[in-house]
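Read through the structure below, which is laid out as structure tokens, and then see the notes.
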Amino acid sequence: MTALPGAATEAGAAGGRSRARRLLRTVPAYIGLIVIAALVLVPFAWMVSSSLKRDNQVFSVPIQWIPDELRWQNFVEIWERIPLLTYLGNSAFLSVTITALQVLTGSFAAYGFSKVRFPGRDGLFLAYIATIAVPWQAYMVPQYIMMQRAELTDTFLSIILLQAFSAFGVFLMRQYYMSIPDDLCEAARIDGLSEYGIYRRIMLPLSKPALASLALLTFVNTWNDYMGPFIYLTSNELWTVQLGLRSFVGQYEAEYAMIMTGSVLSVLPILVIFLFGQRYFIRGIATSGLKG
């Protein structure tokens with residue numbers, strides 16, 4: 001049966017109107033996203049611009065986004081002014097170590113809270129997660145007293161021990177594990193696989209996106225941490241890059257150009273890691289494991 005020309009024309013017009021309505025809804029959304037992205041990038045652009053200026057030009061009004069004289073020597077001078085390589089190495093050591101420990105402890109504890117049945121499991125999990133609501137300032141002094149009596153102050157071990165466990169990491173991994181069918185674990189138990197084997201051979205391979213998300217969040221948080229190293233690390237050779245940049249703030253003035261130069265250099269490792277891991281990070285946040 002041949003369609004009437006008038007009906008085909010009307011269907012084409014309806015399709016055109018539908019595409020026009022979708023376009024009208026999509027364009028404002030993209031414009032809004034572009035505006036938000038630009039607002040987010042403005043502080044970073046100002047930091048990069050300030051790193052290429054003199055100190056007295058950083059807070060000039062109006063802002064001069066492209067300075068008349070690009071002071072590239074700031075990026076050379078900062079290595080001569082402070083042991084930046086040592087500070088970056090200390091930050092990298094702490095970030096990598098704490099990230100590895102949090103991924104290990106968080107994923108292992110999350111397996112117990114999600115796939116192992118034992119009395120009081122849910123209540124214990126809720127009590128542990130409730131510690132997220134307790135501000136760090138409430139137990140900051142007791143923690144320091146504990147580390148001082150254990151003679152661990154002014155050592156990396158104090159920071160590593162205090163940050164090796166994360167309630168947020170356990171929560172994130174448990175929510176991901178809960179979406180993985182229990183039938184997989186039951187089948188593995190029937191086949192004689194131990195709980196450690198199920199965790200290592202089944203849960204970990206299936207949770208790579210969540211593990212990557214937790215690793216990235218932990219690494220960035222540890223790298224940017226200022227108060228922890230400030231409280232526990234007093235020796236200059238143990239300082240992180242955040243403490244090292246503080247050395248440019250004097251009693252009467254601050255060398256803002258040098259601070260911005262160091263900030264740019266400290267952001268680069270985070271930027272590189274995010275660019276390489278963003279695919280797994282987005283998958284870990286947006287998905288919830290297998291659908292059974």
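Only a predicted model underlies this, so the values are computations on that prediction, with no experimental measurement involved.
Annotation: side chain of Ser50 is not in contact with side chain of Ile259 (no heavy-atom distance under 4.5 Å). Side chains of Val116 and Arg121 form no contact here, defined as non-hydrogen atoms less than 4.5 Å apart. Proximity of Thr97 to Phe156: side-chain heavy atoms (C-beta onward) are nowhere separated by under 4.5 Å. Within the 4.5 Å cutoff, the side chain of Tyr176 has heavy atoms near those of the Pro209 side chain. Met47 places a side-chain heavy atom less than 4.5 Å from the side chain of Val267. Side-chain contact between Leu184 and Leu206: present, with at least one pair of heavy atoms (C-beta onward) separated by less than 4.5 Å. Residues Phe248 and Arg81 have side chains in contact (heavy-atom distance under 4.5 Å, counting atoms from C-beta outward). Side-chain atoms of Leu243 and Asn90, non-hydrogen and from C-beta on, never get closer than 4.5 Å to each other.
Shortest non-hydrogen contact noted between Ser91 and Thr240 is OG-CB, 3.2 Å. Closest of all the heavy-atom pairs between Ala188 and Ile202 is CB-CD1, 3.5 Å. Listed here is the closest heavy atom pair of Pro142 and Ala138: CD-O, 4.3 Å. The minimum heavy-atom distance between Ile82 and Gly244, with the atom names listed, is CD1-O, 4.1 Å. In plain terms, the two heavy atoms of Leu245 and Gly262 that are nearest each other are CD2-CA, 3.5 Å. Listed here is the closest heavy atom pair of Ala215 and Thr99: O-CG2, 3.5 Å.
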Problem set entry | Verdict with supporting geometry, Val42 and Trp65, side-chain contact (heavy atoms from CB on, under 4.5 Å) | CA-CA 10 Å; Val42 163; Trp65 292 100; 4.0 Å; yes
Problem set entry | Worked check of side-chain hydrogen bond (donor to acceptor under 3.5 Å, both in side chains) between Gln163 and Asp225 | CA-CA 11 Å; Gln163 299 187 23; Asp225 184 23; 3.3 Å; yes
For this session: Take Tyr111 and Ile198, measure what side-chain contact (heavy atoms from CB on, under 4.5 Å) needs, and give me the verdict at the end.
Result: CA-CA 9 Å; Tyr111 173 74; Ile198 296 173; 3.5 Å; yes
For this session: Carefully, step by step, assess Phe219 and Ile270 under the rule side-chain contact (heavy atoms from CB on, under 4.5 Å).
Result: CA-CA 8 Å; Phe219 188 93; Ile270 300 295; 3.7 Å; yes
For this session: Take Met203 and Cys185 through the side-chain contact (heavy atoms from CB on, under 4.5 Å) test and state the conclusion after the steps.
Result: CA-CA 9 Å; Met203 303 304 291; Cys185 299; 4.0 Å; yes
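Within 6.0 Å of the OH atom in Tyr30, the count of heavy atoms belonging to other residues, nucleotides or ligands does not exceed 12. Other residues, nucleotides and ligands place more than 12 heavy atoms under 6.0 Å from the CE atom of Met140. Annotation: Ile66, atom CD1; neighbour count of heavy atoms from other residues, nucleotides and ligands within 6.0 Å does not exceed 12. For CH2 of Trp72, the number of neighbouring non-hydrogen atoms (other residues, nucleotides, ligands) closer than 6.0 Å is 12 at most. Open room surrounds CZ on Arg246; 12 or fewer heavy atoms of other groups in view lie less than 6.0 Å from it.
Lys115 places no side-chain N or O within 3.5 Å of a backbone atom of Tyr199 that could act as its donor or acceptor partner. A donor-acceptor pair under 3.5 Å links the side-chain atoms of Ser51 to the main chain of Val48, judged by distance alone. Between the side chain of Asn224 and the backbone N or O of Val220 there is at least one donor-acceptor pair closer than 3.5 Å. For Ser49 (side chain) and Ala45 (main-chain N/O), no donor-acceptor pair under 3.5 Å exists by modelled atom type. When atom types are taken as modelled, the side chain of Thr105 and the backbone of Ala164 share a donor-acceptor pair closer than 3.5 angstrom. With Thr222 contributing its side chain and Ser95 its backbone, the two residues share no donor-acceptor pair below 3.5 Å. Between the Gln242 side chain and the Trp223 main chain, a donor and an acceptor come within less than 3.5 Å of each other.
With rounding to the nearest 0.5 Å, the separation of CG in Leu104 from CG in Leu211 is 10.0 Å. Interatomic distance, OH of Tyr177 versus CG of Leu172, reported as 10.0 Å (0.5 Å rounding). In this structure, OG1 on Thr261 lies 7.0 Å from CG on Leu52, to the nearest 0.5 angstrom. Once rounded to the nearest 0.5 Å, the distance linking CG of Leu101 with CZ of Phe165 reads 7.5 Å. Here the CD1-CG distance, from Ile180 to Asp183, works out to 12.5 Å after rounding to the nearest 0.5 Å. Here Asp191 contributes atom CG and Glu186 contributes atom CD; the two are 11.5 Å apart, rounded to the nearest 0.5 Å.
Residue pairs meeting the salt bridge (Lys or Arg N to Asp or Glu O under 4.0 Å) criterion with at least one member in residues 45-69, sequence neighbours excluded: Arg54-Glu69. Residue pairs satisfying the side-chain hydrogen bond (donor to acceptor under 3.5 Å, both in side chains) criterion with at least one member in residues 137-151, sequence neighbours excluded, are listed as follows: Trp136-Gln143.
Ring-plane geometry between Phe113 and Tyr128 is classed as parallel, the angle between the planes falling under 30 degrees on a 0 to 90 degree scale with a further cut at 60. Using cut-offs of 30° and 60° for the angle between ring planes, the Phe108 and Tyr196 rings count as parallel. Between Tyr226 and Phe230, the ring-plane angle classifies as parallel under the 30° and 60° cut-offs.
By the 6.0 Å and 45° rule, Arg174 stacks over the aromatic ring of Phe125.
Leu271 and Ile273 fall into different hydrophobic clusters, where Ile, Leu, Val, Met, Phe, Trp and Tyr residues are linked whenever their side-chain heavy atoms come under 4.5 Å apart, directly or through other members. Cluster annotation: Leu268 and Met258 are assigned to the same hydrophobic cluster (Ile/Leu/Val/Met/Phe/Trp/Tyr, side-chain heavy-atom contacts under 4.5 Å, transitive). Criterion: ILVMFWY side-chain heavy atoms under 4.5 Å apart, direct or through other members. Under it, Leu33 and Leu39 are not part of a common hydrophobic cluster. Cluster annotation: Leu275 and Phe44 are assigned to distinct hydrophobic clusters (Ile/Leu/Val/Met/Phe/Trp/Tyr, side-chain heavy-atom contacts under 4.5 Å, transitive). Criterion: ILVMFWY side-chain heavy atoms under 4.5 Å apart, direct or through other members. Under it, Leu85 and Val241 are part of a common hydrophobic cluster.
There is a side-chain donor-acceptor pair under 3.5 Å between Asn236 and Tyr87.
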